[in-house]
Amino acid sequence: MVFENIKSEIENWMKKVLLHYDINEKDINIEITEPPLKEYGDFSCNLAFMLSKILKKNPFEIAKDIVNNILPNFKDKDNEKSLIETVSVEKPGFINFALDIKKFLKIFFSNMPSITQMPKYGNIQELILIEHTSVNPNKALHVGHIRNAVIGDCLYRLLLSTGHNVKVLNYVDDSGLQVADIIVAFKYTEIPFGEENIDGTTKKFDHYCGNYVYVKINEMYSTRPDLEIKRKIILKELENPNTEVSNFTQQIVKRVLRDQLKTCWDLKCHYDIVNFESQIIQSDLWNKIFKILKEKQIIQFETSGKNIGCWVFKSKTEGDKVLVRSDSTITYFAKDIPYAIWKLGYIENPFELEFFSQQWDDTNLYQTTLKNRKRKEISNEHQLINFDIKKVITIIDYRQERLQSLLVEILIKLGIEKTKYNYLGYEPVTLSNKTAELLGFNLKNKKSTQMSGRKGIFIEADDALNLLMIKSCEEISKRNEHLSGREVSQIAKEIAISSIRYYFVKHDIGKMITFDINDSLSLEGDTGPYIQYSYARGKRIFNKIDNKNYYLDGIKLTDLDLDLDLTEIELVKQLCKFSTTIKESVNNTDPKLVARFLFTLSTLFNNFYEESPILKEVENKKSIRIKILYSTLLIMENCMNIIGITPLEKM
RNA sequence: GGGUCCAUAGUUCAGUUUGGAUAGAAUGGCUGCCUGCGGAGCAGUUGGUCGAGGGUUCAAAUCCCUCUGGACCCGCCA
């Protein structure tokens with residue numbers, strides 16, 4: 001807020017300068033930026049460079065002219081309320097502005113409640129649907145899946161806390177090849193169906209399926225071609241809800257799903273609905289959509305060429321895509337169309353919602369079920385169609401992006417606005433050479449190794465969490481001898497989660513991550529625990545303060561009190577950037593910005609902590625520092641909530 | 001073959017959308033700082049031809065072209 005106002009103040013001046021030169025402000029993109037060095041002031045403007053092109057003059061001369069001759073005409077008039085103290089010209093032609101620090105601080109201290117508050121600007125009548133996680137239910141989550149879940153969950157938290165109406169879907173592909181693989185294994189091979197692992201230890205069922213069954217069956221295909229035929233039959237049978245295979249598969253899927261969700265809940269991810277691919281297929285959705293696609297001539301029946309006998313979508317940019325094969329079965333891609341339209345609420349909802357489970361945050365998770373089945377306890381709590389669905393955001397592996405763009409092409413032809421259906425593609429997580437070697441895969445002359453569920457090359461999410469738990473427990477015990485084992489492990493869990501979640505949001509979504517089991521799971525430096533530690537130190541001080549209210553509200557500050565140290569001013573400036581950062585993060589659908597902001601804030605706070613003692617100060621100086629401390633804690637809490645890391649009082 | 005993306009310090013990454021001043025963090029290495037509000041910290045130091053070459057510009061890590069190296073997409077698989 002504060003910074004935004006100052007920037008627009010400068011911008012208004014610059015517009016007046018343009019008037020003076022008789023130049024239309026639309027012809028020039030005025031930029032107010034923050035300069036790299038303190039000597040250059042607090043804000044900087046590129047106007048002179050822009051004008052030099054039009055006026056055909058040296059930018060330095062223009063800048064001098066603006067600052068010495070033009071600007072004083074109107075700047076001096078509103079000098080009283082202006083937060084800008086000095087304006088100067090620098091080398092090539094920058095116009096720099098320095099803040100009147102005391103005025104700035106005065107505004108900060110008198111507006112603390114609004115500066116520390118989450119900016120709210122969502123419309124509660126408009127629903128935003130986020131789909132994330134969506135892991136095939138034949139394995140446990142590995143670190144790549146965490147990237148998906150954490151990005152999706154942070155986005156959910158970001159939108160929710162800025163006043164939007166958001167619901168989260170977890171889409172379960174319970175009728176695909178990967179599930180069919182483990183069903184083949186259980187039904188047609190010696191591979192035992194049970195919770196006992198081969199070595200006799202009990203393991204989570206999702207680990208057993210992914211780590212052993214799935215890898216094993218994929219090895220077997222090369223020597224047992226009959227199994228691949230069985231798989232094809234199973235895939236076909238899964239389209240019919242009344243087959244024995246379907247029932248059996250549902251049992252397996254739900255069991256794996258519950259184990260997967262345990263991991264997600266350990267990571268503090270929230271969901272509202274689990275929905276299933278098999279139900280999309282078994283519902284009448286496809287037939288309805290198929291009819292419309294034909295009527296609107298969005299797809300064509302091929303009578304010649306390589307796709308003879310198929311229904312295809314002819315994309316201008318991507319070429320031909322088969323939706324219905326010549327044997328009248330539908331392709332993987334086609335299945336996504338009714339699903340997308342269902343999510344957008346453009347078709348009558350064939351599903352009802354039924355209680356599935358209680359979650360870690362005491363909310364209910366619902367599952368979709370097909371109507372027309374007699375069931376008890378149908379819940380009306382989530383009626384998707386009651387809301388105007390503003391948009392759908394799907395978090396996907398970027399390798400799916402091309403299919404999604406095709407899908408959007410079709411949606412647009414169906415008359416759906418382009419802005420409603422969004423997909424956020426993230427690059428995969430790969431393993432560092434050292435980590436790949438630890439797993440027994442030594443791939444030389446490669447920088448990193450792609451994970452593969454089929455080959456068993458992956459680091460499981462639960463293992464990563466456990467490793468961090470162990471590390472954290474050691475550290476906590478070192479520092480807190482009196483804590484019980486139970487308390488230690490509770491705190492350790494929060495630290496482990498924070499390390500993992502922060503790690504996966506801080507990276508750019510469009511860049512590959514090289515995951516290293518040692519370096520990536522760290523508790524020091526640019527990490528979640530560093531942020532928690534900074535918070536804990538601050539909170540510790542705050543708890544020790546007597547008469548908090550007196551220092552927060554009871555002292556009237558004068559100009560003389562506002563003579564602050566550099567570290568204090570830097571921290572206050574960062575606090576003032578809070579709401580702008582949040583808005584930028586929402587506008588760019590990029591939770592990373594919050595993570596980066598939070599880390600910088602923590603660093604500045606640690607500097608403040610080192611240099612500005614609080615408890616031993618008195619009166620006005622103490623009051624100033626307590627106010628800064630208090631607002632830092634509030635803003636940290638807000639940001640930590642978005643990233644999904646818990647503020648701790650001891651660790 | 002057609003297309004998309006990536007390359008920045010020993011390592012892992014910001015910065016590229018919208019060109020701007022001496023390219024930033026973290027980690028690693030080296031060196032200091034706990035009778036102090038918690039040392040999971042702080043301060044200092046080391047470390048870069050921003051893959052290569054050309055172009056546009058007053059100004060290029062950022063925009064354009066070429067090349068090199070790498071990842072991925074392009075199926076009547078899912």
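Lettering follows sequence order; numbering is per chain, from 1. Below, all heavy atoms of this structure are taken into account, side chains as well, without hydrogens, waters or symmetry copies.
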Of the listed nucleotides [options], the one nearest the side chain of [X]:
X: A:Thr331; options: B:rG2, B:rA14, B:rA78; answer: B:rA78
X: A:Lys650; options: B:rG38, B:rC72, B:rC76; answer: B:rG38
X: A:Leu177; options: B:rC5, B:rA78, B:rC42; answer: B:rA78

Same-atom distance ([atom1]) from [N] to [M], integer angstrom:
N: B:rU56; M: B:rG1; atom1: C1'; answer: 32 Å
N: B:rG47; M: B:rU11; atom1: P; answer: 16 Å
N: B:rG19; M: B:rA23; atom1: C1'; answer: 14 Å
N: B:rA26; M: B:rC42; atom1: C1'; answer: 15 Å
N: B:rG44; M: B:rU62; atom1: C1'; answer: 32 Å
N: B:rU12; M: B:rC77; atom1: P; answer: 39 Å
N: B:rG20; M: B:rG15; atom1: P; answer: 13 Å
N: B:rC64; M: B:rU57; atom1: C1'; answer: 12 Å

*Dot-bracket for RNA chain B: what is it, with Watson-Crick or G-U pairs under 3.5 Å, [ ] where a pair crosses earlier ones, and | for a pair to another strand?*
(((((((..((((......[...))))((((((.......))))))....(((((..]....))))))))))))....
_With A:Gln300 via side-chain hydrogen bond (donor to acceptor under 3.5 Å, both in side chains) - residues at least two apart_ = none
*Pair listing, side-chain hydrogen bond (donor to acceptor under 3.5 Å, both in side chains) test, anchored in residues 517-529 of chain A, at least two apart*: A:Tyr502-A:Asp526, A:Tyr503-A:Ser520
Measure all distances between protein nitrogen or oxygen atoms and nitrogen or oxygen atoms of nucleotides 46-48 of chain B, and list the pairs falling under 3.5 Å.
none

_Strand-adjacent residues in residues 299-310 of chain A, judged by heavy atoms under 4.0 Å from RNA chain B_ = A:Lys306, A:Asn307, A:Ile308, A:Cys310
*Where along residues 508-529 of chain A does a heavy atom come under 4.0 Å from RNA chain B, residue by residue in number order?*
A:Asp508, A:Lys511, A:Met512, A:Ile513, A:Thr514, A:Leu523, A:Glu524, A:Gly525, A:Asp526
_Less than 4.0 angstrom from a charged side-chain N to a carboxylate O is my criterion; do A:Glu228 and A:Arg231 meet it?_
yes
*State whether A:Glu475 and A:Lys478 are salt-bridged, where the test is any N-O pair (Lys NZ or Arg NE/NH1/NH2 against Asp/Glu carboxylate O) under 4.0 Å.*
yes
Under 4.0 Å between a side-chain N or O of [X] and OP1 or OP2 of [N]?
X: A:Arg231; N: B:rA78; answer: no
X: A:Tyr530; N: B:rG38; answer: no
X: A:Gln450; N: B:rC72; answer: yes
X: A:Lys447; N: B:rG51; answer: no

Nearest-angstrom distance from the residue atom [atom1] of [X] to [atom2] of [N]:
X: A:Asp397; N: B:rU4; atom1: CG; atom2: C1'; answer: 14 Å
X: A:Lys56; N: B:rC58; atom1: NZ; atom2: C1'; answer: 14 Å
X: A:Tyr339; N: B:rA78; atom1: OH; atom2: P; answer: 18 Å
X: A:Gln532; N: B:rG39; atom1: CD; atom2: P; answer: 17 Å
X: A:Asn606; N: B:rA26; atom1: CG; atom2: P; answer: 11 Å

*Does any pair with a residue in residues 489-498 of chain A pass salt bridge (Lys or Arg N to Asp or Glu O under 4.0 Å), and if so which ones, sequence neighbours excluded?*
A:Asp266-A:Lys493, A:Lys268-A:Glu494
*Name all pairs fulfilling the salt bridge (Lys or Arg N to Asp or Glu O under 4.0 Å) condition that reach into residues 40-56 of chain A, sequence neighbours left out, sorted by first residue then second.*
A:Asp42-A:Lys573
*Any residue meeting side-chain contact (heavy atoms from CB on, under 4.5 Å) with A:Lys511, in chain and number order, not counting sequence neighbours*: A:Asp508
*Taking only residues two or more places apart in sequence or in another chain, which ones pass ring pair (Phe, Tyr, Trp, His ring centres under 6.0 Å) with A:Tyr171?*
A:Tyr339
*Quick one: do the A:Ser88 and A:Asn96 side chains pair a donor with an acceptor below 3.5 Å?*
no
_Polar side chain donor-acceptor pair, A:Thr567 to A:Asp565, under 3.5 angstrom_ = no
*Classify the ring geometry between A:Tyr530 and A:Phe599 as parallel (under 30°), tilted (30 to 60°) or perpendicular (over 60°).*
tilted
*Distance-only donor-acceptor test (3.5 Å): side chain A:Arg402, base B:rC73*: yes
Extract from the structure each pairing of a protein N or O with an N or O of nucleotides 34-37 of chain B at less than 3.5 Å, listing the distance.
residue : atom : partner  : partner atom : Å
B:rC37  : O3'  : A:Lys544 : NZ           : 3.4
B:rC37  : O2'  : A:Tyr609 : OH           : 2.6
B:rC37  : O2   : A:Leu615 : N            : 3.4
B:rC37  : N3   : A:Ile614 : N            : 2.9
B:rC37  : N4   : A:Tyr609 : O            : 2.7
B:rC37  : N4   : A:Ser612 : O            : 2.7
B:rC37  : N4   : A:Pro613 : N            : 2.9

*For A:Phe290, is the NZ or CZ atom of A:Lys294 found under 6.0 angstrom from the centre of its six-membered ring and inside 45 degrees of the ring axis?*
yes
*Mind checking A:Ile62 for me? I need base, sugar-phosphate or nothing, with any heavy atom below 4.0 Å counting as a touch.*
nothing
*Take A:Asn607 and A:Ser326, find for each the nucleotide of RNA chain B with the closest heavy atom, and name the residue whose nucleotide sits nearer the 5' end.*
A:Asn607
*Decide side chain to side chain contact (heavy atoms under 4.5 Å, CB included) for A:Ile396 and A:Gln404; before the verdict, give the C-alpha distance in whole Å, the side-chain angles of both, and the deciding distance to 0.1 Å.*
CA-CA 9 Å; A:Ile396 50 158; A:Gln404 290 287 308; 3.6 Å; yes
Can you check nucleotides 17-22 of chain B for protein contacts, nitrogen or oxygen pairs under 3.5 Å, and list what you find?
residue : atom : partner : partner atom : Å
B:rA21  : N6   : A:Ser44 : OG           : 2.6
B:rA21  : N6   : A:Asn96 : OD1          : 3.2
B:rA21  : N1   : A:Asn96 : OD1          : 3.4
B:rA21  : N1   : A:Asn96 : ND2          : 3.2

